[in-house]
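Here the structure is laid out as structure tokens; the discussion comes afterwards.
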Amino acid sequence: MDEESIMEKLIIFDTTLRDGEQAPGATLNDREKLEIAHQLVALGVDVIEAGFPISSKGDFNAVKKIASSVKGAVICGLARALPKDIDAAYEAVKAARGGSRIHVFLATSKIHMQYKLKKAEDEILRLAAEAVRYAKKYTSDIEFSPEDASRTEPEFLFKVLKSVIAAGATTVNIPDTVGYAYPEQYGGLIKAIRENVPNVGRAVISVHCHNDLGLAVANSLAAVKNGARQVECTINGIGERAGNASLEEIVMSINTRRDIYTGIKTSIQTKELYKASRLVSKLTGFAVAPNKAIVGANAFRHESGIHQDGVIKKRQTYEIIAPEDVGFTGTGLVLGKHSGKHAFIDRLQELGVKLSDEELSRAFVKFKDLADKKKTVYEEDILSLIEDEINKPVQIWQLDSISYSSGTRLVPKATVKLRHKGRASSMSSVGDGPVDACYKAIEKLTGVRAKLLDYRIEAVTSGKDALGEVSVKVISNKKIAAGRGASTDIIEASAKAYLNAVNKLAIKPEKSRVLHF
Ligand code: KIV
Ligand code: ZN
């Protein structure tokens with residue numbers, strides 16, 4: 001038997017679209033969720049937890065759309081241990097061609113049972129098994145999560161697991177809901193489950209760790225070492241409060257430390273990691289910290305002379321992962337203003353960007369505009385340009401032009417011209433600075449009053465002529481939207497980002513989540 005065939009599979013269950021989207025301020029619309037789901041399939045995740053269908057009409061529709069149009073992964077919907085939740089979850093995931101999973105959860109820790117659910121152990125035991133049996137009539141693929149498992153009395157946890165497996169659960173997930181666990185302890189809990197739940201061999205043991213103490217990845221890996229064969233995680237580690245275990249860190253730990261995770265493999269196409277990270281960051285508006293492991297901008301940058309010298313002599317002196325293995329292409333000089341369309345198309349193909357003929361022509365025009373302003377165009381510039389100009393949804397208002405004046409003794413003023421339903425109109429405004437003036441002009445033109453929650457600017461590459469990428473988060477009528485814009489002119493990038501967010505706000509609001517436990 002070859003080595004590959006004796007390797008055990010670690011199932012990667014991605015919950016970016018469910019727990020990840022529960023991160024405060026990370027609301028995604030249907031189109032954005034669909035785009036992320038497609039990238040998750042390209043990444044090779046096994047299960048996509050697409051949402052919590054009963055929580056809102058918007059969530060239900062998004063899960064349904066993903067199930068009916070995304071092929072290549074099992075699509076999962078979350079449900080409380082209630083028939084109406086399970087009905088909604090199944091209704092939403094049933095069209096999935098790669099398999100449908102229902103994920104039922106019910107809290108089992110003393111504190112949750114006593115104060116939140118106000119139920120005794122016997123009742124919890126009964127409700128958990130009943131819910132699994134109920135879900136089983138819809139699909140054979142049932143996951144059960146005893147919420148707050150890491151703070152549950154172990155003897156009671158074993159009883160619950162035995163009973164849900166007997167009722168038909170095929171995956172039992174052990175959530176560290178509040179990120180309280182510690183690696184040795186959590187690994188020990190997984191071992192104890194294997195030793196004390198007699199029918200555990202009939203189910204996959206899964207783990208789901210939160211990052212409140214910064215231990216989500218360490219805890220997940222300790223669990224894998226002790227027999228867990230499914231890990232629940234999110235891109236960039238986004239999620240409720242301090243977030244969930246980060247998918248890219250778990251996968252790259254397993255791949256890099258084969259000496260420790262001997263015999264374990266995942267289906268993740270690691271070259272897609274960087275792209276997935278950028279996409280999730282762009283659509284949620286959550287910037288990735290420069291020092292973030294695997295996907296941060298500095299993850300493969302060597303500043304000190306000694307390190308640079310070492311890397312030139314032998315890369316492995318200071319790099320344990322090859323940047324290209326995670327799809328990080330670095331700052332590759334690619335094209336200039338004399339480059340032709342063929343060279344541009346070739347480079348897009350190398351970058352894995354797929355565009356229609358019409359999009360290609362538009363992208364080429366934008367590239368030429370950029371090359372006129374910027375002497376050298378890098379791969380990152382091209383990716384930013386595609387994200388900014390081509391892959392964006394139809395905009396209710398489009399930026400036609402912007403002009404502004406500002407200076408030490410000048411009152412900052414901006415004039416913005418927008419297109420709306422084929423007509424152009426412009427407005428001027430003054431403000432505390434040129435960005436503020438420009439946002440006020442946009443507010444007057446669109447009539448959308450939004451408060452700026454977050455504003456970030458980053459240079460896409462190095463150099464004085466670098467493309468500036470602005471990410472904003474705004475709130476209006478309790479609805480939060482993220483926007484992103486790029487330009488060699490940072491005020492224009494700021495206007496594009498803000499307008500992008502305002503366009504999202506202007507789309508009909510979805511019903512917000514209402515949940516009573
Ligand atoms: O953190 C948690 O306990 C959860 C469950 C619903 C699995 O997200
Ligand atoms: Zn969670």
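In each ligand, atom 1 is the first atom listed, and ligand 1 is the first ligand listed. Please read all numbers here as calculations on a predicted model, not as lab measurements.
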Original post:
When you measure from atom 4 (C) of ligand 1 to every protein heavy atom, which one gives the shortest distance, and what is it?
Top reply: His208 NE2, 3.5 Å

**OP:** Might you point out which heavy atoms bring Asp14 and Thr234 nearest each other, and give the distance in Å?
**Re:** OD2-CA, 4.0 Å

Original post:
So, are Lys110 and Glu121 salt-bridged, with charged N and O less than 4.0 Å apart?
Top reply: no

Original post:
Is the backbone of Cys233 close enough, under 3.5 Å, to the side chain of Thr15 for a donor and an acceptor to pair up by distance?
Top reply: no

Original post:
From Leu283 CG over to Leu28 CG, what is the distance, rounded to the nearest 0.5 angstrom?
Top reply: 6.5 Å

**OP:** Only counting residues at least two apart or in another chain, list the ones meeting side-chain hydrogen bond (donor to acceptor under 3.5 Å, both in side chains) with Ser267.
**Re:** Lys9

**OP:** Answer yes or no: is there a side-chain heavy-atom contact under 4.5 Å between His38 and Glu35?
**Re:** no

**OP:** Of the side chain and backbone of Thr177, name the one, both, or neither that has a heavy atom under 4.0 Å from an atom of ligand 1.
**Re:** both

**OP:** For ligand 1, note which part of His103 has a heavy atom under 4.0 Å away: side chain, backbone, both or neither.
**Re:** side chain

**OP:** Please work out whether any backbone atom (N, CA, C, O) or any side-chain heavy atom from C-beta onward of Arg18 is under 4.0 Å from ligand 1, and answer side chain, backbone, both or neither.
**Re:** side chain

Original post:
Aromatic rings His208 and His210: how do their planes relate, parallel, tilted or perpendicular, breaks at 30° and 60°?
Top reply: tilted

Original post:
Using heavy atoms and a threshold below 4.0 Å, how should the contact between His210 and ligand 1 be classified: side chain, backbone, both, or neither?
Top reply: side chain

Subject >> Test item, Gln22 contacting ligand 1 (heavy atom, 4.0 angstrom) >> reply: no

**OP:** Provide the number and element of each atom of ligand 1 under 4.0 Å from a heavy atom of Glu147.
**Re:** 3 (O)

**OP:** Under 4.0 Å from a heavy atom of Asp19: give me the atoms of ligand 1 that qualify, with their elements.
**Re:** 8 (O)

Subject >> Within 6.0 angstrom of Arg194 CZ, more than 12 heavy atoms from elsewhere >> reply: no

Subject >> If only protein N, O or S atoms under 2.8 Å count, total around the Zn ion (ligand 2) >> reply: 3

Original post:
Which word best sums up how the rings of Phe328 and Tyr274 line up, parallel for under 30°, tilted for 30 to 60°, or perpendicular for over 60°?
Top reply: perpendicular

Original post:
Would you say Gln114 and Lys119 make side-chain contact, with heavy atoms under 4.5 Å?
Top reply: no

